[in-house]
Amino acid sequence: MKKIRFALTGATGLVGVNLLWEIIKNNIDQLENIQIFILGRSIKDKSLFHRLEEKLKEDGIYYISLERSQQEKVVKLFNVFCHCIELDFVESNGRVSNADKWALSSAPIDYFYHIGASTDLRGGKIIESVLLRTNIQGTQNILNLVNQLKIGIFSYVGTAYSCGEGGGDIDPDYVNVYQNFRNPYERTKLFSEIIVREFAKESNINIKIFRPSVIGGRLSELPIGSTNKFDVFYGWAAFFLALKKKEIKENNKLYVDPINLDIRICFSQNSGLNIVPVDYVVKSMYLITTKEIKGNSFHLVSKNELFHKDYIPAMLNFLNVHGVKYVDSIPENKTQNETLYYRTAGKVLTPYITSNPINFKVDNYEKEIRMFGIDVPCMTIDKFISLLEYAKKYDFGIA
Amino acid sequence: MEMEEKIKRMIANLLGVKYEEIALESRFIEDLKADSLDKLELILALEDNFGLTIEDGDADLIKTVEDAVVYIKRNYKD
């Protein structure tokens with residue numbers, strides 16, 4: 001029987017690792033008939049395979065199956081169906097060892113997912129240089145490799161926010177390089193997406209472009225709220241928690257004791273943040289590629305924005321932080337805490353929370369995935385709080 | 001006051017560490033027990049005292065007292 005072959009970059013990141021679990025979950029009864037190539041880097045004293053094996057035991061098995069026998073089977077067979085290929089896609093120009101190239105090219109790769117990227121939302125020369133090298137040159141390097149292989153479908157993960165600062169209805173294939181971007185990250189992600197689109201035209205390869213919004217933890221697979229990345233709104237909570245920690249030294253009182261902070265936060269009253277659970281993102285990616293749902297571009301988003309005026313107070317209440325005021329523009333004479341806020345979390349988030357409302361359109365695939373039992377999610381404050389509950393176990397990554 | 005001494009005194013003051021305990025090779029997080037906000041406060045203090053702006057990417061690279069001294073020496077124009 002012909003094996004189904006997958007390849008992934010960015011498999012240790014939030015989307016990548018959840019997609020890996022989703023692939024395994026969907027093929028749990030035929031693990032001997034799949035091959036998953038993971039392209040990535042080992043770190044210091046830990047190989048790429050061992051990093052993933054650890055993640056599988058700590059987190060993946062709960063996503064994949066509730067049955068203990070199946071969990072054991074996956075762990076046992078992991079090194080049979082999962083093949084790690086050492087590749088620094090930023091530096092390598094897409095070159096892999098001869099043995100790995102042979103393994104990759106011995107048969108077609110049915111589904112290739114390029115997920116690896118830098119997601120730094122800050123600015124400045126050094127950060128911009130890393131974003132350019134990772135997101136644009138890195139994508140070009142992966143395409144150089146892909147060019148040497150037989151690929152069924154090539155998938156690229158961009159961002160819904162590469163539509164820039166405009167608002168209103170946004171089509172999933174909307175491209176405008178002349179718009180105002182909130183940060184270099186959005187610009188580099190749009191440019192690398194364009195490189196993929198051009199490559200597809202020239203090489204006649206079947207591509208899928210996925211544009212997720214702000215990705216939060218899981219909301220349907222266990223453990224609920226699970227994430228390995230505490231950025232964007234988590235980073236916001238982390239900032240307030242770090243400020244609180246300066247005053248309340250005892251860790252066991254960090255959430256219990258209230259605190260008053262003299263901070264004025266600037267945000268728009270009529271818009272919100274589109275937060276999408278990571279398990280919806282990967283389930284959609286898997287379905288759209290393997291069921292060959294028509295189209296090239298897909299917004300992987302929630303149906304609604306969660307209003308800033310609703311989730312910001314909810315988050316502060318969750319952290320037991322009080323005294324924060326809401327204003328229409330960034331204050332000029334800042335307090336010490338405001339200076340810290342607008343230099344860190346506020347610097348990254350203010351462009352997002354002062355934008356106009358955006359409606360990322362999903363009608364090009366919504367009905368098709370519903371036929372497979374997947375609905376475009378609606379985000380609510382209760383779900384948002386369950387994301388925070390999980391992050392609380394890790395103190396939002398501030399430890 | 002020598003620039004190195006001035007920076008060390010600022011660090012001692014901000015982090016509540018004894019001046020004598022601060023070495024050039026001291027790491028802010030691991031050795032001086034600074035958290036991310038302490039480090040940011042130090043960056044802001046360096047900016048105020050030496051009249052310069054330190055970009056986030058540069059700030060990420062300042063991990064030891066020596067990194068801070070070298071950065072200021074390179075970028076400070078008296």
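Excluded from the calculations below are hydrogen atoms, water molecules and symmetry mates; all remaining heavy atoms, backbone and side chain alike, are included. Predicted model, so just to flag it, every value in this text is computed and none were measured. Order of the sequence lines fixes the chain letters, A, B, ..., with proteins taken first and strands second; residue numbering starts at 1 for each chain.
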In this structure, are over 12 heavy atoms from other groups packed under 6.0 Å from Arg41(A) atom CZ? no
Euclidean distance, Tyr341(A) OH relative to Leu40(B) CG, rounded to 0.5 Å: 14.0 Å
Are any of the side-chain nitrogens in Lys125(A) or Asp56(B) under 4.0 Å away from the carboxylate oxygens of its partner? no
Here the gap from Glu55(B) atom CD to Glu128(A) atom CD, rounded to the nearest 0.5 Å, amounts to 9.5 Å
Derivation of the salt bridge (charged side-chain N to carboxylate O under 4.0 Å, His left out) call for Lys246(A) and Asp38(B): CA-CA 9 Å; Lys246(A) 281 194 173 297; Asp38(B) 292 329; 2.3 Å; yes
To the nearest 0.5 Å, what is the distance between CG on Leu340(A) and CG on Leu37(B)? 6.0 Å
Distance check, rounded to the nearest 0.5 Å: Arg122(A) atom CZ versus Asp60(B) atom CG? 4.0 Å
With a 4.5 Å heavy-atom cut-off, do Asp35(B) and Lys245(A) have their side chains touching? no
So Arg343(A) and Glu47(B), salt bridge (charged side-chain N to carboxylate O under 4.0 Å, His left out) or not? Walk me through it. CA-CA 12 Å; Arg343(A) 186 67 192 263; Glu47(B) 288 184 342; 2.8 Å; yes
